[in-house]
2 protein chains.
Amino acid sequence: MTSRSQTIADTLTRAIIDHRLVPGCKLGERELAEIFDVSRIVVRQALIRLADDGLAQIERNRGAFVAKPSMQEAMEIYDALTLVEQGVAAQLSDRLGPAGWAELRQHVERQRQAVAAGNDALADVLGQEFHTVFVRLSRNKVMQEIHAQLVRRTTLLRSLITADFDYCNLLDDHSRVVDLLEKGRLKQAMDLIDTHHRTVVRGYIMDREVFAEMTPAEALAPYLDGKADGATLVPSRKPARTSGNGDSAGHVHVHLPKTDRASTSRASTKKTNRGLPT
Amino acid sequence: MTSRSQTIADTLTRAIIDHRLVPGCKLGERELAEIFDVSRIVVRQALIRLADDGLAQIERNRGAFVAKPSMQEAMEIYDALTLVEQGVAAQLSDRLGPAGWAELRQHVERQRQAVAAGNDALADVLGQEFHTVFVRLSRNKVMQEIHAQLVRRTTLLRSLITADFDYCNLLDDHSRVVDLLEKGRLKQAMDLIDTHHRTVVRGYIMDREVFAEMTPAEALAPYLDGKADGATLVPSRKPARTSGNGDSAGHVHVHLPKTDRASTSRASTKKTNRGLPT
DNA sequence: ACCATAAGATTGGATATCAATCAATAATTT
DNA sequence: AAATTATTGATTGATATCCAATCTTATGGT
């Protein structure tokens, strides 16, 4: 059995990944303690874990908030992610056996089928998972954890951001990376990884209040008590968008007027942006 | 002002880096609470931070211990470190300006002078710092933190390990890396980084009880109350060895008989191994 | 010698309490 | 009336004490 603070940290992480808790959201100790029905101390420990992961920031005597990365930090996160995935690519091009390549191809194929079937939600999940599978094949748990942490932090950015670019160039990037790597064209594969992330970042436009705010109580309600897995837990995971290959969403042009902390717009429109490119 | 648990975590980290707290060492809550004169809860929070950093492992209802990486994990940590530094090298070869190269050369030069002056302690510190400076020049704070964490974890390994290889090939590696990079020979530089770490790891031999154990109270005494900086805090930082370029120690052939948890050998011989290659 | 049980110690957590600090209001001054 | 100051309230950081669960060790019986 893991510690209570760990499970709470995991739940909060899940909620952040699902964009139910958005950057800047206050994570009050007493509030969370009531929600999870634990003492404040356990909540504090969970928040420390989140802060260590870069998902929350704790300000002395002011409390914890969901981290709100700056544009600068966003670039750094994506740079680091690129660096890690390029490095893994280099390792895989040397060391990966037939089984590994098969797994990658199978994953890409599953994603393609999901797209073909119009199951955008599944395609999204698979698209996100591709990177994880990719790194897992390095068989380096340390690297996996670092990568996973970076990926989690990118989800923060997608809460803050309005996508504004042409997704066409990103189509089939995963497939092409696998192709290039297996053919030994490492340099091109690495460039493609770089371009992939760079294009995504370039399209990002920092914007406040893209998502409707939810109180922690509302945001966390689906995760409590229910023992079901994440897929079924959050109904709003299915993104409301037009099309995509699972790694990208349809054009989303949401440029809300930059209201400063509009505390009025609470729990109103459930505008979710899941499915933005990874 | 930072939180108390953070400063305690920092102190424990420092003690671990200085090999005063060795892998496997029990970190009892009550004991540490008395040492730092805080409540157990603060200690727990500090231990959670250490565990998140990979420097401690917490076993339910058994407590926290200084992490004791397996040989497998050791390899993974060094692989990850290599990957990160290679990636940074690639970035620097593109983007680093004259000032950056100058800083690297200056650092190498300072280390060389320290070696020439026979100031092995300083040379050691500079040798360790080189990697940090190297990564800092990427101007990516996220990457810096990841790298620093990996470096911290490698110090764990040096507590567990007996070095057993020829250090000659490692001499001037730093200088050569800078040379190669500035000349645009990225591939060779990356290979050299790989070889550097690989040679170090290959020479490692997992061995128990290479270092004398200290109780946490003894280990932490130098860090308490004194407001001096780390350099003057720990007198035992000057390693007792023959020669080296600051990035490596002289031949250290310490193959102690593998005693199982010899709780007898406590606070006896202060055998420190600082200055092993990075 | 060996296994089982009981005692002791340690951890994980809850609750209540207190000081310090921040935020927001109310009161005062100009 | 506007701006500044003072007061109040709320939240955090931290402590002390207490309790249950679990692990470790010591004891005792076979």
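Proteins come first, then strands; the chains are lettered A, B, ... in the order of their sequence lines, and each starts at number 1.
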- Please walk me through it: do B:Leu81 and B:His147 pass side chain to side chain contact (heavy atoms under 4.5 Å, CB included)? CA-CA 7 Å; B:Leu81 196 61; B:His147 179 261; 3.6 Å; yes

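- The CZ atom of B:Arg14 lies 4.5 Å from the CG atom of B:Asp18; values are rounded to the nearest 0.5 Å.
- Listed by first then second residue, pairs satisfying side chain to side chain donor-acceptor pair (under 3.5 Å) with a partner in residues 133-144 of chain A read A:Glu103-A:Arg136, not counting sequence neighbours.
- Between B:Ile48 atom CD1 and A:Asp52 atom CG the span is 9.5 Å, to the nearest 0.5 Å.
- Within the 4.5 Å cutoff, the side chain of A:Val84 has no heavy atoms near those of the B:Ile146 side chain.
- The CZ atom of A:Arg4 sits 18 Å away from the P atom of D:dC19 (whole-angstrom rounding).
- For the pair A:His197/A:Glu85, a side-chain contact is recorded, criterion being any heavy-atom separation below 4.5 Å from C-beta on.
- Once rounded to the nearest 0.5 Å, the distance linking CG of A:Leu126 with OG1 of A:Thr132 reads 11.0 Å.
- On the nucleic acid side, DNA chain C has its first and last nucleotide under 4.0 Å of a heavy atom of chain A at C:dG13 to C:dA23, going 5' to 3'.
- You'll find the side chain of A:Glu73 reaches within 4.5 Å of the side chain of A:Arg153, heavy atoms only.
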- Message: Let's go through B:Val22 and B:Val66 carefully: what are the C-alpha distance in whole Å and the side-chain angles of both, what is the deciding distance for side chain to side chain contact (heavy atoms under 4.5 Å, CB included) to 0.1 Å, and is it a yes or a no?
- Response: CA-CA 7 Å; B:Val22 300; B:Val66 178; over 6 Å; no

- Message: Let's go through A:Met143 and B:Glu76 carefully: what are the C-alpha distance in whole Å and the side-chain angles of both, what is the deciding distance for side chain to side chain contact (heavy atoms under 4.5 Å, CB included) to 0.1 Å, and is it a yes or a no?
- Response: CA-CA 7 Å; A:Met143 207 66 248; B:Glu76 292 184 2; over 6 Å; no

- Item | Step-by-step side chain to side chain contact (heavy atoms under 4.5 Å, CB included) determination, A:Ile77 to A:Leu156 | CA-CA 11 Å; A:Ile77 291 171; A:Leu156 277 181; over 6 Å; no

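- Distance CZ/A:Arg49 to CG/A:Leu12: 12.0 Å, rounded to 0.5 Å.
- If you measure from atom CD of B:Gln6 to atom C1' of D:dT12, you get 17 Å, rounded to the nearest angstrom.
- For the helix from C:dA1-D:dT30 to C:dT30-D:dA1, the terminal axes (five pairs an end, C1' atoms, rotation from four pairs onto the next four) enclose an angle of 10°, given to 10 degrees.
- Between A:Ile58 atom CD1 and D:dA14 atom P there is a gap of 11 Å when expressed in whole angstrom units.
- Of all heavy-atom pairs spanning B:Ala64 and B:Ile58, the tightest one is CB-CG1, 4.0 Å.
- The stretch residues 26-42 of chain B touches DNA chain C through B:Lys26, B:Gly28, B:Glu29, B:Arg30, B:Arg40, each having a heavy atom under 4.0 angstrom from the strand.
- Between the CD atom in A:Gln6 and the CZ atom in B:Arg60 there is a gap of 11.5 Å [rounded to 0.5 Å].
- Using a 4.0 Å cutoff on non-hydrogen atoms, no part of residues 47-56 of chain A comes near DNA chain C.
- Separation of atoms CD1 (B:Ile16) and CG (B:Asp53) is listed at 9.5 Å; rounding is to 0.5 Å.
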Output a table of nitrogen or oxygen pairs between the protein and nucleotides 23-25 of chain D separated by less than 3.5 Å.
residue, atom, partner, partner atom, Å
D:dT24, OP1, B:Arg62, NH1, 2.1

